Amino acid sequence: MRYVHQNRCIKEKVLEFYEQVYEIVRMVPKGRVTTYGAVARALGMIRSSRLVGTAMILTHGPELGVPAHRVVNRDGLLTGKHHYDTPTHMQELLEADGIVIVEDQVQNFAKVFWDPLVEL
DNA sequence: TACCTGACTATTT
DNA sequence: AAAATAGCCAGGT
């Protein structure tokens, strides 16, 4: 019993983390991008960048207002593109935002990078 | 319990 | 400077 109870507590903590991730990602302005690591760092969980990616996967099902396509890896690469309907969907969403992408690489990355720690 | 797998990063070759 | 290695942590088998 205690095992189950404990497990549930852990799960709630994770879900809480996901919610915080969504809060931040929702703030990313159109035309800018941020990174998994930057979001994790902004939440004081610098070692949990992988979890930010996991949280992004969960945004596909229900209609949350989370622009997950604006989160890329620390080099400005579209590492999450394989989780969309088509291999180009993520790129198209970003291009609709006004971002230029060449071979999965965000151009002018330093300029469009939006750091939650700095901007908030 | 043990081992594998990732929308990750930082460090070391 | 590219590639390999090594931490990371929640989930799944």
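Worth saying up front: this structure is predicted, and the values here are computed from it rather than measured.
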One character per nucleotide, please: for nucleotides 7-13 of chain B, 5' to 3', B when the base has a protein heavy atom closer than 4.0 Å, S when only the sugar-phosphate does, - otherwise. BBSS---
Which residues satisfy the salt bridge (charged side-chain N to carboxylate O under 4.0 Å, His left out) test with A:D115, sequence neighbours excluded? none
Distance between the P atoms of B:dA7 and C:dG7, in whole angstroms? 22 Å
Show me the donor-acceptor pairs, under 3.5 Å and distance only, between side chains in residues 35-51 of chain A and residues at least two apart or in other chains.
| unit_1 | atom_1 | unit_2 | atom_2 | d |
| --- | --- | --- | --- | --- |
| A:T35 | OG1 | A:A38 | N | 3.0 |
| A:Y36 | OH | A:V71 | O | 3.4 |

Supply the members, apart from A:V72, of the Ile/Leu/Val/Met/Phe/Trp/Tyr cluster built from side-chain contacts under 4.5 Å; use none for a lone residue. A:V33, A:L78, A:Y84, A:M90, A:L93, A:L94, A:I99, A:I101, A:V106, A:F109, A:V112, A:F113
Under 4.5 Å between side-chain heavy atoms, chaining through other members, with only Ile, Leu, Val, Met, Phe, Trp and Tyr counted: pull out the rest of the cluster around A:V100, sorted by chain and number. none
side-chain hydrogen bond (donor to acceptor under 3.5 Å, both in side chains): pairs with one or both residues in residues 65-74 of chain A, sequence neighbours excluded: A:H69-A:D97, A:R70-A:D97
